[in-house]
Structure formats: C-alpha cells, structure tokens
Number of protein chains: 2
Amino acid sequence: MPKETFINLDPQKQARFLEVALAEFATNDFQAASITRIVRELGIAKGSVYQYFEDKLDLWLYLKNHCEQVKRAYIEAVHREAYADFWSYYQAVYANGVHFDLENPRCSQFLFRVGFKESSPQVQPYLNSWKEQAQSIFVQWIEQEQVAGTFRRDLPASIIAHFMVTMSLSVASLMHENYGVDFERNLTEGKPLFGADAEALQHAVKNLVQLLRAALKPQ
Amino acid sequence: MPKETFINLDPQKQARFLEVALAEFATNDFQAASITRIVRELGIAKGSVYQYFEDKLDLWLYLKNHCEQVKRAYIEAVHREAYADFWSYYQAVYANGVHFDLENPRCSQFLFRVGFKESSPQVQPYLNSWKEQAQSIFVQWIEQEQVAGTFRRDLPASIIAHFMVTMSLSVASLMHENYGVDFERNLTEGKPLFGADAEALQHAVKNLVQLLRAALKPQ
DNA sequence: ACAATTTGTGACCGGGTGGTCATATTTTTT
DNA sequence: AAAAAATATGACCACCCGGTCACAAATTGT
C-alpha cells in the first residue's frame with residue numbers, strides 16, 4: 001500500500017511518477033529495476049520515493065494492483081449474454097484486451113512480465129494470482145459450453161482452459177515471429193504495442209480461433 | 001568460447017565447474033546470476049573464472065551452447081522414417097525431450113529460462129535462435145503432412161507451427177498448474193524436473209495430442 | 001505573523017557486483 | 001636440479017544498489 005503522502009500528491013505529479021516507475025518495471029525484472037534510475041529520470045530526490053512507498057516491493061505491488069485493475073475494467077466491459085455463441089464472445093473479449101494493450105502499453109508489458117518473465121525471489125509469492133484468476137474464469141466458460149454441448153466433453157475443463165489461456169497469450173509472440181511486429185521498437189518509439197498492425201492481429205486471431213474451434217468442438 | 005585453460009582442465013574439475021555454474025544460471029537471470037556465488041560454492045578463487053572464460057557473457061554463451069548440444073542429441077536420436085504416422089513420431093520426440101529433462105534437469109531449466117524468462121539486455125541478441133530453429137523444423141514437418149493430406153491445408157504452416165510449438169511447450173506449466181508438479185522443489189531436492197510424476201506427464205501429453213489431432217486434421 | 005505540520009532533499013551507509021593483476025604455486029620442459 | 005611455462009590466488013578497484021536520516025523548504029492552521 002502506498003503511504004498517504006503519495007495518495008495526497010498532486011495528481012499530475014502522481015501520474016508522472018506512475019508513468020516513469022511503470023516504464024522501469026516494464027523494462028526490467030524486479031531485481032534489475034532501479035529506484036535510482038527512476039528518481040534520476042523524474043528529477044526528484046531518492047528519499048521522496050520512500051515518503052510515497054514503504055520499499056521497492058511496496059511500489060511493485062502497487063503497480064501490479066493498478067495495472068490489474070485497469071485491465072480488468074477492459075475485460076469486464078464485455079458481457080457473455082450479448083453474444084450469440086462463445087467464439088464471437090471470445091473474439092470480443094480478445095479485441096478489448098487488445099484495446100487495453102494499445103491504450104496502456106506500459107501496463108500491458110508490465111503484466112506480461114509479471115505473468116511470464118518474472119523470477120525474482122522477492123516477488124515469488126505474488127506471481128500466480130492473476131494467472132489463476134484467468135484460468136478459473138475460462139473454466140467457468142468452458143463448463144457452460146460443455147453443458148450446452150458446443151465443446152467436447154471427453155477432456156476436463158481445467159486442461160482445456162490451460163491450453164486456451166496459453167494460446168490466447170501466445171498471440172503476441174505469434175505477431176512478433178510471423179508478422180514481424182517489433183514490440184520493443186514500438187515501445188521505444190512511444191507507439192502502441194501493436195503499432196499500425198491491427199490488421200495483422202485480426203488475421204492472427206482469426207487463424208487461432210479456427211484452430212481452437214476445431215480442437216474443442218465435440219469429436 | 002572458453003579459453004584453452006578451461007579446455008585443458010582436469011575433466012572432473014571441469015564437470016564440477018559446469019555443474020555449479022549451470023545451477024547458478026538455471027536459477028537466476030543473466031544479470032542476477034553471480035560469479036561471486038559460483039566461486040564461493042566451488043571453493044576456488046574468482047580470478048580462476050577469468051582464466052577459463054573471457055567474461056560473464058562468454059561463460060553464459062558456453063553454457064547455452066553446451067545445453068543446446070545435449071538437447072539436440074536427444075531429439076535427433078528419433079527418426080521420422082521409423083514411425084508409421086506423424087503423431088506416433090511426435091510422441092516419441094516428446095518422450096525423448098522428457099528423458100532429456102529427467103537426465104539433465106539443470107540444462108533443461110537453463111534452456112527454459114533462456115527461451116522464456118530471460119530479458120537481460122546483455123544477452124538479448126542471442127535469445128531467439130533456438131526458438132526459431134524449433135519453429136522451422138516444425139514448419140518442414142507440417143508442410144510434408146499437408147502434402148500427404150493428413151493435415152489441414154487451409155492455414156499456413158507457419159501458423160500451425162506456432163500453435164504446435166506453443167502447446168507443446170506449455171505442457172510443463174500444465175503439469176505445474178493442473179497436476180501439482182513442483183519443479184522448484186524437485187530441483188532444490190536434486191530430483192529430476194518431473195519427479196516421480198511420469199504418469200501424470202504421460203496423461204498430459206495424451207490430452208495434448210488429442211487436442212492437436214483434432215485441431216490439425218483436414219476439416 | 002508565527003507555529004506546526006507535511007513534504008522534499010541528497011550525502012551517506014553497508015553490501016553486492018564484474019573484473020583486474022601482482023604474486024604465489026604447480027606443472028612441464030630442458 | 002634449474003628454468004620456464006601454465007595455472008591458481010584473493011586483495012583490490014570502480015561501480016551500482018536499496019534504504020536512511022538529519023535537515024531544508026513549503027504548506028497549512030491559528
């Protein structure tokens with residue numbers, strides 16, 4: 001939890017602090033991320049950081065919580081009832097996830113790191129939470145589809161959920177490998193992660209959905 | 001490249017050095033891995049390391065190359081011609097990959113880190129090579145199967161390859177999440193990565209193949 | 001206007017790092 | 001046995017880190 005000093009801070013300064021801190025933690029491990037670099041970039045004294053947060057871990061937890069909230073808002077804006085079948089719903093959720101990426105590239109990259117790249121022992125206890133959340137949401141969806149008879153029932157929902165989550169998250173690297181999208185460059189140039197390649201993305205997702213459909217329909 | 005001093009080193013000492021260095025780099029980022037810890041563990045002087053290798057990066061590259069060679073030997077021991085259909089071949093390759101895991105847990109964990117967790121800028125240029133190799137091998141397989149009519153032809157081989165590689169590699173985390181296999185504990189206790197859970201693994205791979213089959217057969 | 005409180009500061013601390021090099025030890029050659 | 005070459009050593013260097021704290025500045029309350 002941030003200290004009151006940070007909460008009471010001028011919103012503009014608060015936003016700038018968040019921006020710079022997020023950039024640092026999006027580009028580096030917990031261990032490798034440097035408070036010194038953050039304050040140098042911000043042009044403030046190092047002591048200030050410790051007026052705002054207890055320590056490095058406290059700051060990291062705040063950033064994680066913040067980004068998760070932002071992302072959740074995007075996802076929860078899509079409602080299953082509004083879609084005729086699961087796959088159109090899935091694509092809508094995915095599209096909103098991409099909007100999140102486009103509009104909050106640093107958040108997106110940070111969460112990606114937390115979910116997949118991070119291995120610093122100091123944050124180990126806090127790593128799996130959101131992955132488990134995503135997994136359990138998928139399990140609920142899948143069980144409903146299995147009952148409705150649109151998904152195969154010969155495999156446990158938890159297994160199917162694992163593969164769906166994995167594939168969904170892999171689209172980013174597919175974009176990178178097969179469509180030549182350069183996330184790093186887009187980031188350093190301040191562009192959104194997917195840059196002007198929204199079309200390539202749609203194409204990739206379409207192909208992915210075709211594969212998942214075939215894999216998951218009743219055999 | 002290691003210096004001659006290391007090549008001429010007593011094989012037993014060489015092996016012990018490799019073992020300890022690999023454990024360090026398997027458990028930590030390139031940045032976080034510590035030469036100081038390695039020499040402390042080995043009980044040798046820090047200067048010795050720099051008689052063996054140019055610098056930290058040189059050591060890392062040697063370890064990477066070594067582990068890749070070891071793994072390749074496992075994979076290339078399986079020949080396509082010896083199997084009637086692709087899926088039995090695929091399962092045999094997978095089984096050998098698991099043997100590699102079981103018999104070289106540190107190698108396996110290090111390569112996993114290099115392929116998925118690593119983000120230290122110093123090693124960035126050397127990261128993608130093996131992933132691209134795996135991908136291109138899969139593309140060749142898939143194109144052959146497409147010609148033979150056993151795989152769907154309505155999607156590009158590159159997309160299917162991404163799908164297969166991603167799903168194949170995710171089995172490890174599936175084991176962790178759904179079968180409760182604790183890689184970290186197995187490692188610290190010196191056991192092989194999959195511990196005594198070979199049965200769970202077989203089950204997971206069976207499920208994986210079922211999904212892949214359904215996704216890839218001609219629609 | 002003054003006092004009280006909150007916010008900002010940056011030199012400093014202990015600790016860790018990769019890497020060096022003059023020196024000591026061991027091995028090989030003569 | 002002596003000389004030469006190869007190998008091992010660890011104190012030391014410059015650097016960076018997270019975190020502290022006595023003090024300065026600014027804001028708020030009276």
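Every chain is numbered from 1, with letters handed out A, B, ... down the list of sequences.
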Atom pair CG (B:Leu57) and OH (B:Tyr126), whose distance is rounded to the nearest 0.5 Å: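 Reported to 0.5 Å precision, the distance equals 5.0 Å.
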Rounded to the nearest Å, what distance is computed from the [atom1] atom of residue [X] to the [atom2] atom of nucleotide [N]?
{"X": "B:Lys13", "N": "C:dT26", "atom1": "NZ", "atom2": "C1'", "value": "10 Å"}
{"X": "A:Gln122", "N": "D:dG19", "atom1": "CD", "atom2": "C1'", "value": "14 Å"}
{"X": "B:Gln51", "N": "D:dA5", "atom1": "CD", "atom2": "P", "value": "17 Å"}
{"X": "A:Asp29", "N": "D:dG18", "atom1": "CG", "atom2": "P", "value": "13 Å"}
{"X": "B:Asp55", "N": "C:dT17", "atom1": "CG", "atom2": "P", "value": "17 Å"}
{"X": "A:Leu57", "N": "D:dC17", "atom1": "CG", "atom2": "P", "value": "19 Å"}
{"X": "A:Gln31", "N": "C:dG16", "atom1": "CD", "atom2": "P", "value": "13 Å"}
{"X": "A:Ile7", "N": "C:dT6", "atom1": "CD1", "atom2": "C1'", "value": "15 Å"}

Ring centre gap for B:Trp141 and B:Tyr89 strictly below 6.0 Å: yes
Side chain to side chain donor-acceptor pair (under 3.5 Å) against B:Ser34, all qualifying residues, sequence neighbours excluded: none
A:Thr36: partners by side chain to side chain donor-acceptor pair (under 3.5 Å), with sequence neighbours left out: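 With sequence neighbours excluded, A:Thr36 shows a side chain to side chain donor-acceptor pair (under 3.5 Å) to A:Lys46, given in chain and number order.
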Going by side chain to side chain contact (heavy atoms under 4.5 Å, CB included), name the residues that satisfy it together with [X], two or more places apart in sequence or in a different chain.
{"X": "A:Ser120", "result": "A:Asp29, A:Phe30, A:Gln31, A:Glu118, A:Gln122, A:Val123"}
{"X": "A:Lys13", "result": "A:Leu9, A:Asp10"}
{"X": "B:Ile75", "result": "B:Lys71, B:Val93"}
{"X": "B:Asn96", "result": "B:Ala77, B:Val78, B:His99"}

Partners passing ring pair (Phe, Tyr, Trp, His ring centres under 6.0 Å) against A:Phe116 (at least two apart in sequence or in another chain):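 Ring pair (Phe, Tyr, Trp, His ring centres under 6.0 Å) list for A:Phe116, sorted by chain: A:Phe112.
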Candidate pair A:Tyr90 and A:Phe138, rule side chain to side chain contact (heavy atoms under 4.5 Å, CB included), full reasoning: CA-CA 10 Å; A:Tyr90 175 81; A:Phe138 268 81; 4.1 Å; yes
Minimum-distance nucleotide (side-chain atoms of B:Asn8 versus D:dT7, C:dG19, C:dT7): D:dT7
Quick one: label [X] by what it contacts on the DNA or RNA (base, sugar-phosphate, nothing), any heavy atom closer than 4.0 Å.
{"X": "B:Ala33", "answer": "sugar-phosphate"}
{"X": "B:Thr5", "answer": "sugar-phosphate"}
{"X": "A:Tyr52", "answer": "sugar-phosphate"}

Earlier contact from the 5' end, DNA chain D, for A:Lys56 and B:Leu9: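 Per heavy-atom nearest nucleotide, the more 5' residue is B:Leu9.
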Listed partners of B:Glu143 passing salt bridge (Lys or Arg N to Asp or Glu O under 4.0 Å), at least two apart: none
For A:Arg40, salt bridge (Lys or Arg N to Asp or Glu O under 4.0 Å) partners two or more places apart: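 Residues passing salt bridge (Lys or Arg N to Asp or Glu O under 4.0 Å) with A:Arg40: none at all.
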Distances under 3.5 Å between protein N/O atoms and the N/O atoms of nucleotides 25-27 of chain D, please, pair by pair.
none

Sorted by number, the residues of residues 34-46 of chain B with heavy-atom contact under 4.0 Å to DNA chain C: B:Ser34, B:Ile35, B:Thr36, B:Arg37, B:Lys46
Secondary structure string for DNA chain C (Watson-Crick or G-U under 3.5 angstrom, | for other-strand pairs): ||||||||||||||||||||||||||||||
